[in-house]
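Heads up, the thing below is written out as structure tokens.
In the text below, chain A, chain B and the rest are named by the order of the sequence lines, each starting its count at 1.
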Protein chains: 2
Amino acid sequence: MGEEPEVPRRRHDSAATRAALLQAASELFAERGFDQTTVRDVAAHAEVNQALLFRYFGSKQELFAEVLNRDSRQLLEGAPAEELPGRILKGLLSDRGDPGGEHPFTAMLRSFSDERAARVLREELGGSYVERLAELSDSDDAMLRADLVLAWFFGVGMVRSVLRKQPLADAPADALSEHMMRAISVLLERSDSSTPEEDS
Amino acid sequence: MGEEPEVPRRRHDSAATRAALLQAASELFAERGFDQTTVRDVAAHAEVNQALLFRYFGSKQELFAEVLNRDSRQLLEGAPAEELPGRILKGLLSDRGDPGGEHPFTAMLRSFSDERAARVLREELGGSYVERLAELSDSDDAMLRADLVLAWFFGVGMVRSVLRKQPLADAPADALSEHMMRAISVLLERSDSSTPEEDS
DNA sequence: TGATTATGTAAGCAGGCGCTTACAATCGCT
DNA sequence: AGCGATTGTAAGCGCCTGCTTACATAATCA
């Protein structure tokens, strides 16, 4: 058979192949979710033999867990906690002109019935998000109202990015945020101030 | 459920077996979502041979569509547009829905990530729900606003029932309903007093 | 009645899945 | 160099999936 051209990646480099698998898995899980991503997809996308996936990660579930771990840590450590809500919101609402990379956040939305993904959404991302949102309201059920806002963001992300339902899927981000902010300011309105503050 | 042979189902009654399959499918889709429910599960739960599922419904996907259609019609029938959000919310927030009728949103929520189910979902949502919700607003982007309302319902269902995030998970339904209805009426308000800006 | 049709059943097919195995190639070390 | 350990590969196993087929039984009606 014909000779292959010289390969760029070293052939015996476990760290590199591990990283390649992790990266491919992150992208595919974000794009298709856990169930719709096969280990053969991941291996092919990483240009790695699929048996190595099991050698290095044990199982598809454990690979998913490691992806979640990596991506959520990356999301949380990349910026101070105050910026996290804005970042996630931007990822959720950003116009979908970036076909190369889905936001890692959508991997969790697509796979939220997996308990590990649910935990990240509920505790790590939801926690810091609600903390910030609750500051905007001083009513005794501020946390509950904040949860409702969080739920709205998740729902919009799901219908827009996962379900891809029109017209929401292709609506401009600023039209969405305008509508949502108007409703949210009613939801979170402070009793000591009649004028809701503008942010950013 | 097969009890004592008290009134066993007639053995040659296609309407009864069709109904049994629909009912079993409705419960299982709501419980596990589209792709986690197998046709063997449905047939066993209905105590019907699984080949009949394909005789009467053609495919798993068409069965899913009929389930959503039936449950949605049951949920929406005879309600004026003004009552729609309240009625959908009431069923969605109650921990146990009306006996005999599952809330279609639960099945929808758990089936987002499967592309075959998503196609059915987009059709059903666009046809049965958005059209009628959009009647509540007379602005030119009424459909978009209706999508945002639907997205909120899904998000709340997800955070409350699947993620089980506190305090939303255990909050009383009427408190949630009150908050959401207030915000929704702002979102969908008629005769929008603001200047009708078009963005190109 | 007996033929025709409607309904129910058992078995299996083709394909995809996660995962394993047996082995070859390459590296690190003395 | 020699040799064990590490890394890469091809093949395939067993199971589950949606769906189909060949056939048995029961209802219908001339």
Side-chain angles (χ1 to χ4, degrees), chain A residues 1-25 28-29 31-67 110-111 113-114 116, chain B residues 2 5 7-25 28-29 31-67 107 110-111 113-120:
Chain A
M1 313 307 180
E3 295 290 307
E4 288 289 322
E6 202 56 33
V7 295
R9 201 172 69 226
R10 284 180 53 205
R11 322 219 350 192
H12 273 64
D13 185 343
S14 66
T17 62
R18 234 191 93 102
L21 284 167
L22 215 45
Q23 181 59 30
L28 289 175
F29 284 143
E31 200 175 296
R32 310 177 193 172
F34 180 80
D35 291 326
Q36 307 292 319
T37 300
T38 74
V39 296
R40 286 172 173 83
D41 286 339
V42 174
H45 200 266
E47 293 178 312
V48 154
N49 189 286
Q50 63 139 333
L52 296 178
L53 188 155
F54 295 95
R55 171 125 74 210
Y56 293 132
F57 298 96
S59 71
K60 186 189 177 188
Q61 272 286 342
E62 291 170 90
L63 171 63
F64 184 58
E66 204 146 329
V67 166
R110 290 190 128 96
S111 313
S113 38
D114 182 283
R116 300 170 217 250
Chain B
V7 191
R9 205 169 60 235
R10 282 178 53 206
R11 313 196 9 144
H12 274 62
D13 185 343
S14 65
T17 57
R18 234 191 94 101
L21 283 166
L22 262 181
Q23 184 56 34
L28 289 175
F29 283 143
E31 192 179 305
R32 312 176 192 173
F34 180 80
D35 60 353
Q36 298 296 320
T37 300
T38 74
V39 295
R40 285 171 174 82
D41 286 340
V42 175
H45 201 265
E47 292 177 316
V48 154
N49 189 289
Q50 63 139 332
L52 296 178
L53 189 155
F54 294 96
R55 173 127 71 209
Y56 293 132
F57 297 96
S59 70
K60 184 188 176 187
Q61 198 177 160
E62 291 170 272
L63 171 63
F64 185 61
E66 273 215 44
V67 164
R110 300 189 129 97
S111 308
S113 52
D114 185 282
E115 181 52 33
R116 289 166 302 165
R119 284 184 49 204
V120 175

Within this structure, what is the [atom1]-to-[atom2] distance between [X] and [N], rounded to whole angstrom?
X: A/L52; N: D/dA11; atom1: CG; atom2: P; answer: 16 Å
X: A/D13; N: C/dG28; atom1: CG; atom2: P; answer: 10 Å
X: B/L21; N: C/dT9; atom1: CG; atom2: P; answer: 11 Å
X: B/F57; N: C/dT7; atom1: CZ; atom2: P; answer: 13 Å

| So, the side chain of B/K60 versus the backbone of B/F34: is there a donor-acceptor pair under 3.5 Å, distance only? | yes
Among all residues two or more places apart in sequence or in another chain, which pass the side chain to side chain contact (heavy atoms under 4.5 Å, CB included) test with [X]?
X: A/D114; result: A/Q61, A/F64, A/R116, A/A117
X: B/Q36; result: A/D35, B/R32
X: A/Y56; result: A/S14, A/T17, A/R18, A/L21, A/L52

Sequence neighbours excluded, the answer for side-chain hydrogen bond (donor to acceptor under 3.5 Å, both in side chains) partners of A/Q23 is A/E27, A/R70
Sorted by chain and number, sequence neighbours left out, ring-ring contact (aromatic ring centres under 6.0 Å, His included) with B/F54 holds for none
Next on the checklist: Just N and O in the side chain of B/S14: are any of them under 4.0 Å from OP1 or OP2 of C/dA6?
Outcome noted: no
inquiry  = Is A/Y56 close enough to D/dT6 that one of its side-chain N or O atoms is under 4.0 Å from OP1 or OP2 there?
reply    = no
In 5'-to-3' order, the base (B), backbone-only (S) or no-contact (-) status of each nucleotide in nucleotides 12-25 of chain D, using a 4.0 angstrom heavy-atom cut-off, is B----BBBBB---B
